[in-house]
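Report on the structure given below.
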There are 2 protein chains.
Amino acid sequence: MSNACFAYAHVREAISQQIIEQHLTGSLPSERELCATYDVARSTLRQALGQLEHMGLIYRKNRSGWFVCPRKLKYDPMQHTSFLQYTTAQGFQPSTKLVEQKKLKPCKEIAAALELDARTSLTSILRVRSVDGRAVVVENLNFSNKHLPDIDKHDLSLSISILLKNTYHQHNVLYDVTVESCCLFNPIAQLLDTYDGALGLKVTRIVRDKDGIAFEFDREFWRHDALMIENKAKLHF
Amino acid sequence: MSNACFAYAHVREAISQQIIEQHLTGSLPSERELCATYDVARSTLRQALGQLEHMGLIYRKNRSGWFVCPRKLKYDPMQHTSFLQYTTAQGFQPSTKLVEQKKLKPCKEIAAALELDARTSLTSILRVRSVDGRAVVVENLNFSNKHLPDIDKHDLSLSISILLKNTYHQHNVLYDVTVESCCLFNPIAQLLDTYDGALGLKVTRIVRDKDGIAFEFDREFWRHDALMIENKAKLHF
DNA sequence: CCCACCAATTGGTACATACCAAAAAAGGGC
DNA sequence: GCCCTTTTTTGGTATGTACCAATTGGTGGG
């Protein structure tokens with residue numbers, strides 16, 4: 001129905017209907033096959049596929065074809081729960097890989113956010129987190145060594161929220177969170193098994209202790225099709 | 001720097017650097033001019049422009065060219081403040097246009113969210129909201145007539161949050177909010193002065209009274225480049 | 001000076017083609 | 001049956017061309 005006045009829109013609607021009505025999963029036919037099916041040029045087909053990708057209905061894995069998207073992960077960036085916890089609660093199989101860990105001085109953005117001077121030492125890590133074997137987010141976490149002494153001595157591939165609770169007694173932390181759409185470039189795109197220029201969602205987070213002192217600055221680069229930000233009202237009866 | 005191993009990436013970096021370093025505003029040269037400047041085919045150039053668009057650096061207005069994006073609006077969908085209030089607080093000139101108002105029965109999604117049966121009457125409105133003359137969001141608000149009697153008798157082009165406070169004494173409402181990236185299709189794309197298939201952010205909101213009874217269901221379709229979701233921690237000293 | 005009309009420009013759509021590198025599939029040896 | 005090599009397929013990149021409709025800018029008349 002509706003917007004079939006252009007070829008790409010017609011192809012888009014046809015494929016989308018196929019996927020939704022027949023509950024397709026797994027991979028789509030090859031681009032050249034689909035071109036033949038819908039009798040359009042490859043560039044036109046790719047325009048249609050690109051829009052279905054932006055809808056979060058399909059995605060491409062590296063250079064090995066198009067796949068129907070699995071269901072989205074629901075995620076509340078304001079909530080102080082661990083990745084393991086909220087993924088398993090939704091029936092996903094989570095995993096985390098620590099890609100890099102180093103000490104560095106804060107960039108301008110971090111210095112301003114954490115109110116640190118440029119000489120302060122930070123522990124910075126890069127992690128890739130997956131659900132059901134699909135990489136969904138690259139995390140860059142930056143900890144102030146002054147506020148979290150010897151944090152680099154711990155295994156930072158595990159849950160940070162549990163580490164903060166158990167070792168540093170940070171039970172009631174506060175978050176300043178922003179979410180915006182972004183573009184994923186290499187090398188982050190490669191870590192997410194996607195292409196240079198893919199669509200993403202960027203979550204930044206400043207973590208404060210109960211007195212409002214900021215000690216952590218995070219950047220999360222999500223596959224745009226992997227998550228739905230959710231913030232449920234908390235009722236107080 | 002970095003990813004200049006492909007032509008589109010080189011063009012993308014070059015244009016992005018130009019815009020950022022020289023603080024360009026307003027319109028870019030025509031596509032055919034840019035093709036000549038960077039010596040690439042038009043489709044390659046458009047790929048680069050498309051990625052800059054996804055970065056939120058440039059946007060296209062209808063079919064009249066490419067423009068540098070104005071700064072983003074910061075928006076907290078959990079906050080119970082009016083559009084007028086938070087836009088002016090950030091130095092924008094807001095305006096709202098009521099496009100449509102009608103009574104209808106709830107669709108499946110709304111019936112489930114508001115826990116209504118299919119016969120309940122809803123007042124549904126469609127509004128376009130702009131900042132500095134640029135349409136940024138299309139709102140579809142749905143009110144339960146049962147919970148908000150005679151709401152269709154009021155001027156619904158004005159602030160709903162003020163109407164709820166003053167007329168219906170809803171001072172402490174609760175929100176269930178979700179945010180996800182989406183694709184904007186006609187006719188919504190046209191209302192936002194953009195193209196069929198443009199990138200967007202979809203915010204859905206269920207509004208409840210202080211007892212948790214849901215009485216309103218909203219869908220907001222934002223230009224993806226117009227906003228940054230922001231949720232600041234509230235400190236309690 | 002303003003307005004209506006016209007011509008040139010421009011973005012949106014669409015196609016055909018080509019090449020490359022990576023991935024998948026097929027084949028062959030153990 | 002398993003592993004390694006070769007062939008084929010496939011997605012990613014890139015170009016050139018073409019046409020249309022909407023917008024824009026200029027021109028001329030009132």
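Order of the sequence lines sets the chain letters (A, B, ...), proteins ahead of strands, with each chain counted from 1.
Checking D:dT15, C:dA16, D:dG11 against every side-chain atom of A:A41, the shortest atom distance belongs to C:dA16. Candidate nucleotides D:dA21, D:dT13, C:dA22 were compared by shortest atom distance to the side chain of A:R63, and C:dA22 ranks first. Side-chain atoms of A:T44 lie closest to C:dA14 of the nucleotides C:dA23, C:dA14, D:dG11. Nearest nucleotide to the A:V40 side chain, out of C:dC15, C:dT13, C:dC19: C:dC15. Of the candidates D:dT15, D:dG11, C:dG12, the closest approach to any side-chain atom of B:S43 belongs to D:dT15.
At least one side-chain nitrogen or oxygen of A:N62 sits closer than 4.0 Å to the OP1 or OP2 atom of C:dA23.
Side-chain atoms of B:R60 and B:Y195 include a donor-acceptor pair closer than 3.5 Å. A:S157 and A:D155 share a side-chain donor-acceptor pair at under 3.5 Å. In summary, the side chains of B:W66 and B:E31 do present a donor paired with an acceptor at a separation below 3.5 Å, with no hydrogens or angles considered.
Distance A:F6 CZ to C:dC15 C1': 16 Å, rounded to the nearest Å. Separating the CG atom of B:D196 from the P atom of D:dA21 is a distance of 17 Å, rounded to the nearest angstrom. Rounded to whole Å, the distance from NE2 on B:H10 to C1' on D:dA14 is 15 Å. At whole-Å resolution of the value, CZ in A:R42 and P in C:dC19 are 14 Å apart. Counting to the nearest Å, the P atom of C:dT10 and the CZ atom of B:R46 are 14 Å from each other. Atoms CZ (A:R32) and P (D:dT9) sit 10 Å apart, rounded to a whole Å. Remark: C1' of D:dG11 and CG of A:D193 are 14 Å apart, rounded to the nearest angstrom. For B:L45 and C:dG11, the CG to P distance is 9 Å, given to the nearest whole Å.
For the ring-ring contact (aromatic ring centres under 6.0 Å, His included) test with B:Y75, the passing option among B:Y86, B:F83, B:F92 is B:Y86; the others fail.
A salt bridge does not link A:R63 with A:D193: none of the charged nitrogens is closer than 4.0 Å to a carboxylate oxygen.
Among the protein residues, A:Y8 comes within range of the sugar-phosphate backbone only, with heavy atoms under 4.0 Å from sugar or phosphate atoms but none that close to a base.
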